[in-house]
Undergrad: 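This is the structure I want to talk about, given as structure tokens.
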Number of protein chains: 2
Amino acid sequence: MSAPNGLGAEAYQSVATGAAAERQRAHSTLPLGLPERCSICGLRDACVSCDLVLVSTGRAEDVIVNDQHIVQGGYLYRAGDPFTALYTVRTGSYKTVQSLEAGREQVTGFHMPGDLLGADGISSERHDCNAIALEDSHVCVIPYSQITKFGRYRRELQYRLQKAMSGEIVRKHGVMLLLGTRRTEERLAAFLLNLSERFATRGYSPTEFVLRMTRRDIASYLGMNDATVSRQLSKLQGDGLIAVRNKHLQIRDLAGLTRCLSGKAD
Amino acid sequence: MSAPNGLGAEAYQSVATGAAAERQRAHSTLPLGLPERCSICGLRDACVSCDLVLVSTGRAEDVIVNDQHIVQGGYLYRAGDPFTALYTVRTGSYKTVQSLEAGREQVTGFHMPGDLLGADGISSERHDCNAIALEDSHVCVIPYSQITKFGRYRRELQYRLQKAMSGEIVRKHGVMLLLGTRRTEERLAAFLLNLSERFATRGYSPTEFVLRMTRRDIASYLGMNDATVSRQLSKLQGDGLIAVRNKHLQIRDLAGLTRCLSGKAD
DNA sequence: CGACCTTTTGAACGTATTCAACCGATGTGG
DNA sequence: CCACATCGGTTGAATACGTTCAAAAGGTCG
């Protein structure tokens, strides 16, 4: 697990039911003999749920199921699903997609290990977007029942949840700022720098990583056309700031890329 | 309090220090003999903090200070301020503004009675945006200390806070969708319809209200130029969907305005 | 190997911005 | 109370940016 692995094309539709079935299974049977526990998970600092209960009671199973697997292209949850649990990404990555009438949709976020998923469902007790695995992924499951209950070792959970949701709001503000005030080149630069930071936080290389989402996903997220994403990537490459080959991306001039953000003329 | 009142020009700069001083005052002295209590506030359903403690202990003062006044153009809090409390708007309205390097900034939200303010500060324990009163306004203050404490009557607070933050995330998704996938006319229509809904929820007329923010604020929020806001408002008026006169807005054809949202060609 | 999907690139078009002038409303000071 | 200054809003014309449409190249998977 030294660097994020690449992935092939996505196949959203075909695996959906399979994923749902798998989800069912994961909920009903407590996974014993897990390959990893919080104590060896390596996400400690970044993760919402990590080490949460081991610290206080040692009975992780009551609160967190930490081995739900979703295959590439599978749904962790769908818009409209009853909200039953929160999730933290353990391995792999997800995108969240907001569907609109007339087939229009937008990617509202990319989520990597340690990130919280599902908080959108708390308010209406139904999820309002789709969470789709960008690659084969594992999540930890925090049942909703554990969130409404109170008790010694849920204080910490409540606290972290609040922080995570607040952080989510702050991040959304950032994206809105991006969508509202930036040119396409700046948006793309900001996007890459954001990824870079997040990889760095998680111990991966900040200058060389794999874009596990499609160009179309990026375009959707950044509110632009996929053709424009291609063009701007090519331009950034032409300027010597990055090197792209398929899904593999290398940042060659971090400072220069950062300079893209502040104003246009350099 | 039958309909939102109009307001004049905003004066952000001059009142700032005055507002800060006022805030200080509101924090240090418990307001006795308040003009309104939760039980007669009229925001019951919509408000995060309303009736919260009266129900359980009757000692509202411990948890909520419900009469902090901010004058028009004054700051409720600023980006970078230590996070000390959450707020619910009681009367008036606010905008939240994200500042960027080089004087660029964006309006990230408009907030009306019952809405939660300040949740952006939980994650880093500092606020990440400015909250500015669009008119003379009152808020209820929920000190941070009350949020971290646990106890019988904070369960409800925690619960409502979660719901409110989750709702905030959902709303931001909606805005992102707007910014990312919509033409300017659609954005404006969506904005007006959103306002309409929110006014309706609060018992105001959904078809006739006052835009308490400037065109520039709207433009910033919707990620477009203020000239474009003007143009599109004029166009919507020309199409007979709305009537605008200065800050007064009337929706003449709600269905038609809704139709603006779905696709372009009618 | 062949079918399909993603990505790239080109050319024409359309939308929204920019710049600027003008109008109207508001608020201030004489 | 009126004149003036200021700010917010509207509108026009030119420009630039990004989209759209289309075609072709490159990958991926059966």
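Just so we're on the same page: letters track the sequence lines, and every chain starts at 1. All values reported here derive from a predicted model rather than from experimental measurement.
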Undergrad: N/O contacts under 3.5 Å, protein versus nucleotides 20-24 of chain C?
TA:
none

Undergrad: Can you pull out the residues from residues 229-237 of chain A that lie within a 4.0 Å heavy-atom distance of DNA chain C?
TA: A:S230, A:R231, A:S234
Undergrad: How long is the line joining CD of B:E185 and C1' of C:dG14, in whole Å?
TA: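 Atom-to-atom, B:E185 to C:dG14, this comes out as 15 Å.
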Undergrad: What is the distance, to the nearest angstrom, from the CZ atom on A:R245 to the P atom on D:dT28?
TA: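 After rounding, the reported distance stands at 9 Å.
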Undergrad: I need the CG-P distance between B:D226 and C:dA16, as an integer number of Å.
TA: 15 Å
Undergrad: May I ask you to verify if any side-chain N or O of A:K247 is less than 4.0 angstrom from the OP1 or OP2 atom of C:dT7?
TA: yes
Undergrad: Would you mind reporting whether A:L76 and A:S137 have side-chain heavy atoms less than 4.5 Å apart?
TA: no
Undergrad: What's the separation between atom CD in A:Q232 and atom CZ in A:R187, rounded to the nearest 0.5 Å?
TA: 10.0 Å
Undergrad: Please report whether the ring centroid of A:F209 lies less than 6.0 Å from that of A:Y204.
TA: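 So the answer is no for these two rings.
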Undergrad: Starting at atom NE2 of B:H248, determine the distance to atom C1' of D:dG9, rounded to an integer number of angstrom.
TA: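 It works out to 17 Å between those atoms.
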Undergrad: Is a side-chain N or O of A:Q237 found less than 3.5 angstrom from the main chain of A:V244, in a donor-acceptor match?
TA: yes
Undergrad: Which nucleotide sits closest to the side chain of A:R183: D:dG9, C:dT7, D:dC17?
TA: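 Closest of the options to the side chain of A:R183: D:dC17.
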Undergrad: Check the distance between C:dT6's C1' and A:I218's CD1 and give it to me in whole angstrom.
TA: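 After rounding, the gap between these two atoms is 12 Å.
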Undergrad: Report yes if some heavy atom in the side chain of A:E185 is under 4.5 Å from a heavy atom in the side chain of A:C260; otherwise report no.
TA: yes
Undergrad: Pairing donors with acceptors under 3.5 angstrom, does anything connect the side chains of B:T181 and A:Q106?
TA: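 Judged by distance alone, the side chains do not pair up.
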Undergrad: Between B:R216 and D:dG9, is there a side-chain N or O to OP1/OP2 distance below 4.0 Å?
TA: no
Undergrad: Would you indicate whether the side-chain heavy atoms of B:L254 and B:L193 approach each other to under 4.5 Å?
TA: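 Side-chain contact under 4.5 Å: yes.
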Undergrad: Salt bridge check, B:R215 against B:D226: does any charged N sit closer than 4.0 Å to a carboxylate O?
TA: no
Undergrad: Taking all non-hydrogen atoms of both residues, which atom of B:H111 and which atom of B:T96 are closest, and how far apart?
TA: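 Heavy atoms only, the tightest pair is NE2-OG1, 3.0 Å.
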Undergrad: Between atom CZ in B:R212 and atom P in D:dG9, what is the gap in whole Å?
TA: 15 Å
Undergrad: Of the candidate nucleotides D:dT19, C:dA16, C:dT7, which contains the atom at the shortest distance from the side chain of B:T228?
TA: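 Minimum distance to the B:T228 side chain belongs to C:dA16.
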Undergrad: Over how many whole Å does the gap from A:R182 atom CZ to C:dT17 atom P extend?
TA: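 It works out to 16 Å between those atoms.
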Undergrad: Specify the separation, in whole Å, of atom CG of B:L188 and atom C1' of C:dA16.
TA: 14 Å
